[in-house]
Amino acid sequence: MSSTTVPRDLPPTITWERDRIVLVDQTRLPELHRVEVTTVDGLVDAIRRLVVRGAPALGVAGAYGVALAARSAANGGGDLAGDAERIASARPTAVNLRRGVERALAAPDPLAAAHAVRDEDVAACRAIGARGAALLGELCGERPLRLHTHCNAGALACVEWGTALGVVRSLHASGRVELVVADETRPLLQGSRITTVELQALGVPHRVVVDGAAASVIARGLVDAVVVGADRIAANGDVANKIGTYPLALAAARAGIPFVVAAPETTVDAATPDGAAIEIEERDAAEVVAGADAWNPAFDVTPADLVTAIVTDTRTWRP
Ligand code: MRU
């Protein structure tokens, strides 16, 4: 749809325009391309390819997908329940996706429900940012902090503001960020391609490290705390997030620094008792290596006992 270098003010990750879903294409960042999605097939493909990604953004996309499906069913095409299930199961780990789909499907007006999921996400991210900034002040002191993050849990993983990067933004607004260390995040580079775009736009000092360097960066005392997002939080506080999160939690525990998870309440899944019950998405080996077999789990589970606190829009939970 459009192609430019990324401006300082990023457009919203997802919008609904002229009966279409418009997405910032996250596979092409740091170049900015926006794509229009007009069909359920198109949305399922966009979700699988990570054109739209990040748990909260997937929830919003799922809800808008049901709005598309409902319009098509009203015009005599498609099977609404079947289409909704195809969207909900396009990726299995982030609970927000199925939640967004189910909410829109149960609503008398799926489009109005999708707008509500979007608006609630924006409000939740603001609340998480403020609560997380206050918590880090308590845990680390009011000085400017060096924060380590993984993957992209920013505006581009939500609608705007972000969860883990929402905490960074809130701290930055009061001059309390010295540095963000962003893991590259193999294999699809959400850290070096997407988080850096956001931090650059915000003017937050940052440095990328390869994933294999993260534990030693923490061990060398180069960061004060780790802040990450989540795809699903089990009832006992186990946290599924992008593959490579668990090693950060181990390193943080060993170094005695806080490991904070920032996520909306919609990512907490009371129906999942613990991390062992979370389905971990397996992706194509070709994302990792060409011409050889590979094992490519997209997420890992950090056990609750390694989590200092989970900051949501309504509470600070120490599991
Ligand atoms: O595979 P992705 O890019 O969808 O994984 C995203 C993450 O792991 C994020 O950390 C998580 O969804 C939280 S986003 C606010």
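Whatever order the structure lists ligands and atoms in, that order sets their numbers, starting from 1. Count residues from 1 along the sequence.
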Taking only non-hydrogen atoms of T163 and a 4.0 Å limit, the atoms of ligand 1 in range are 15 (C)
The atoms of ligand 1 lying under 4.0 Å from a heavy atom of D231, numbered in the order shown, are 6 (C), 7 (C), 8 (O), 9 (C), 11 (C), 12 (O)
### Message
With the threshold set at under 4.0 angstrom, would you say A230 reaches ligand 1 through any of its heavy atoms?
### Response
yes
Mind checking whether P56 has an N or O less than 3.5 Å away from an N or O of ligand 1? no
**OP:** Return yes when R91 approaches ligand 1 closer than 4.0 angstrom through a heavy atom, no otherwise.
**Re:** yes
Checklist entry - Between R315 and E265, is there a salt bridge with N-O shorter than 4.0 Å? => result yes
Counting from 1 in the order shown, the ligand 1 atoms closer than 4.0 Å to a non-hydrogen atom of N241 are 7 (C), 8 (O), 9 (C), 10 (O), 11 (C)
Review point. Would you say F299 has any N or O atom under 3.5 Å from an N or O of ligand 1, going by distance alone?
Key: no
Quick note on ligand 1: atoms under 4.0 Å from a heavy atom of K242 include exactly 1 (O), 2 (P), 5 (O), 8 (O)
Exercise for review: Determine whether the side chains of E198 and N152 contain a donor N or O and an acceptor N or O closer than 3.5 Å.
Suggested key: yes
Taking distance alone, with no angle check, do H150 and ligand 1 share an N/O pair under 3.5 Å?
-> no
Sequence neighbours excluded, the answer for salt bridge (charged side-chain N to carboxylate O under 4.0 Å, His left out) partners of E279 is none
For A55, the atoms of ligand 1 under 4.0 Å from one of its heavy atoms are 12 (O), 14 (S)
Q) Quick one: do the H148 and D183 side chains pair a donor with an acceptor below 3.5 Å? A) yes
Closest to atom 3 (O) of ligand 1 among protein heavy atoms sits R53 NE, 2.5 Å
- Aromatic ring pairing Y64/H115, orientation class (parallel under 30°, perpendicular over 60°, tilted between): perpendicular
**Item:** Lys/Arg-Asp/Glu bridge criterion (N-O < 4.0 Å) met for R86, D41
**Value:** yes
Taking only non-hydrogen atoms of A157 and a 4.0 Å limit, the atoms of ligand 1 in range are 14 (S), 15 (C)
Problem set entry | Pair R186 + D211: basic N to acidic O under 4.0 Å | no
*So, T185 and Q190: side-chain donor and acceptor under 3.5 Å apart, yes or no?*
no
task = Give a yes or no on whether a salt bridge exists between E36 and R18, defined as a side-chain N under 4.0 angstrom from a carboxylate O.
result = yes
Problem set entry | Side-chain ion pair, R126 and E160, N-O less than 4.0 Å | yes
Atoms of ligand 1 under 4.0 Å from any heavy atom of Q190, numbered from 1 in the order shown, are 1 (O), 2 (P), 3 (O)
Note: ligand 1 atoms sitting under 4.0 Å from heavy atoms of C158 are 15 (C)
Report yes or no: does A94 have a heavy atom closer than 4.0 Å to ligand 1?
-> no
